Amino acid sequence: MHPNRLLSATILAVVAGTALAFPSYESLAGLTGRQLESAIQGLNPKLPPPPPGPLSFSGTKLVDDPAHPWRPLRNGDLRGPCPGLNTLASHGYLPRDGVASPAQFITAVQEGFNMDNPTARVATYLTHLVDGNLVTDLLSIGAKTRRTGPDPPPPAIVGGMNNHGTFEGDASLSRGDAFDGDNHNFNQTLWDQLVDYSNQYGGGFYNLTVAGELRWQRTQQSIATNPEFDFRGLRHFTVVGQASFPAGLFTDGRKTGADKHQLDLVSGLSFFKHMRFPAGFFRASEPTGGVGSDVIFGAHPVLPGRNVGGVNNYVVDTSLGGFGDFCKFYTEFVNITIKGLYPNPTGVLRRNLNLNLGFVYDALAPRLGANCPQVFPYGTN
Ligand code: HEM
Ligand SMILES: *[C@@H]1O[C@H](CO)[C@@H](O)[C@H](O)[C@H]1NC(C)=O
Ligand SMILES: *[C@@H]1O[C@H](CO)[C@@H](O)[C@H](O)[C@H]1NC(C)=O
Ligand SMILES: *[C@@H]1O[C@H](CO)[C@@H](O)[C@H](O)[C@H]1NC(C)=O
């Protein structure tokens, strides 16, 4: 069973027979017709607006500003595996509870980090389709956190972007694999490894050279320890960009010349662990996405694949596309992944699926090439 199906069904089982409503921000993926009907009954349907455009002022500026103070977590705030989004929520660029609409995500990542508009749209709509609530147009960056407790806290219940095998995946730089029990909290052991690599390959800074080596190391570690290691399709494509973000987006936008895109590790820890801008942080100096992804991938090219039947048996599997095979990735994502999550949608759900699928295609189009037509698993009207 797809993990997402189990999740929605479990939430529904908890909700059924109580006065609780299905959470407005959880994915409806995998529910059967009748379960969907019951879940959707209590939800407030929303027509998704078109995606926001690029920033009008797209230079660097102070983003750790008085209007966006960092605040500690409150009980029940949702946080997850993305250090960028966690930081934006803890500074109020995203709602501090960690739940927002796709339009709010795009606005926040542009304003707070100067992520470029196409990258912001691609990441947002891909994630919303697999992890968001398509009826209410809400998406959460993770699951509930606890304000107090042991450090690190025990794994919270899954939900939102914590869902494994959707946008979240294996061999992350600072988070463990779902197989090992915690795929979303900051992991000190893995951070220590990032520090070691930065000392060895970056003169004490995280840069694209470090990213290429650490990306390879984390992949080898998952091959050797995770019998369920899955590095196909979306995951193969996203890990490369995500390894570039600390260099491109967590470095202060005032750095120039040889200092540009060299991330000091005190600042790094501030984002990755504390969900906090370094004091006085300036965002990137121009709209930035996965800058240097080709360098990272090129350092140790690994084809998409997964472990089959146990550890240390990585079998190449390009059936879902991946980095460098974007059209295949797009087509299979829509036709196999999304269709698998929502086999027979009707009503508002179908309408909003079609709108969000259109937003993804528009955002990806520049990378897909001329011979990659839009696919319409639910018709065109
Ligand atoms: C709307 C846009 C975004 C979405 C939907 C998103 C979502 C995610 C998710 C779900 C992950 C977890 C993948 C995994 O490790 O399994 C992730 C990882 C990551 N994201 Fe984001 N993200 C977005 C924007 C950003 C921005 C703006 C930054 C930086 C400023 C960023 C930095 C990172 C980094 C560095 C990782 C890798 C963490 C690691 O491997 O330990 N993301 N993102
Ligand atoms: C952190 O990651 C290491 C290495 O994968 C693992 O052995 C350890 O159990 C993880 N720690 C936690 C608290 O999950
Ligand atoms: C990363 O830092 C190391 C050490 O300073 C340097 O040799 C290397 O060229 C840097 N890589 C990039 C891509 O900046
Ligand atoms: C997508 O799936 C439909 C059936 O649902 C099929 O007719 C179509 O050929 C598929 N498109 C591609 C490009 O694989």
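Each ligand, and each atom within it, is numbered from 1 in the order the structure gives. Nothing here was measured: the structure is a model prediction, and the numbers come from that model.
- Side-chain atoms of R215 and T219 form a donor-acceptor pair, as typed in the model, at a separation below 3.5 Å.
- Which parts of ligand 3 touch G203 is read off a 4.0 Å heavy-atom cut-off, strictly below it: atoms 4 (C).
- For a threshold of 3.5 Å applied to N or O pairs, the pair formed by D182 and ligand 2 contains no separation below that value.
- The 12-atom threshold is exceeded at CD of Q188, counting heavy atoms of other residues, nucleotides or ligands nearer than 6.0 Å.
- Side chain of N313 to backbone of V308: a donor-acceptor contact under 3.5 angstrom is found.
- Salt-bridge check for D77 with R74: passed, with a basic side-chain N closer than 4.0 Å to an acidic carboxylate O.
- Using a 30° and 60° split on the angle between ring planes, F359 and Y125 fall in the tilted class, from 30° to 60°.
- Of the heavy atoms in Y201, only backbone atoms (N, CA, C, O) come closer than 4.0 Å to ligand 3.
- Of the possible polar contacts, one joining the D264 side chain to the S267 backbone as a donor-acceptor pair under 3.5 Å is found.
- Side chain to side chain, R235 and Q242 meet the donor-acceptor criterion of an N or O pair below 3.5 Å.
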Check each N or O atom of ligand 4 against all protein N or O atoms and list the pairs under 3.5 Å, with atom names and distances to 0.1 Å, one per line.
from: ligand 4; atom 1: 2 (O); to: N335; atom 2: OD1; distance (Å): 3.0
from: ligand 4; atom 1: 2 (O); to: N335; atom 2: ND2; distance (Å): 2.4
from: ligand 4; atom 1: 11 (N); to: N335; atom 2: ND2; distance (Å): 3.0
from: ligand 4; atom 1: 14 (O); to: N335; atom 2: ND2; distance (Å): 3.4

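- Under 4.0 Å from ligand 3, the heavy atoms of Q262 that appear belong solely to its side chain.
- The closest donor-acceptor contact from the side chain of R232 to the backbone of G305 lies at 3.5 Å or more, if one exists at all.
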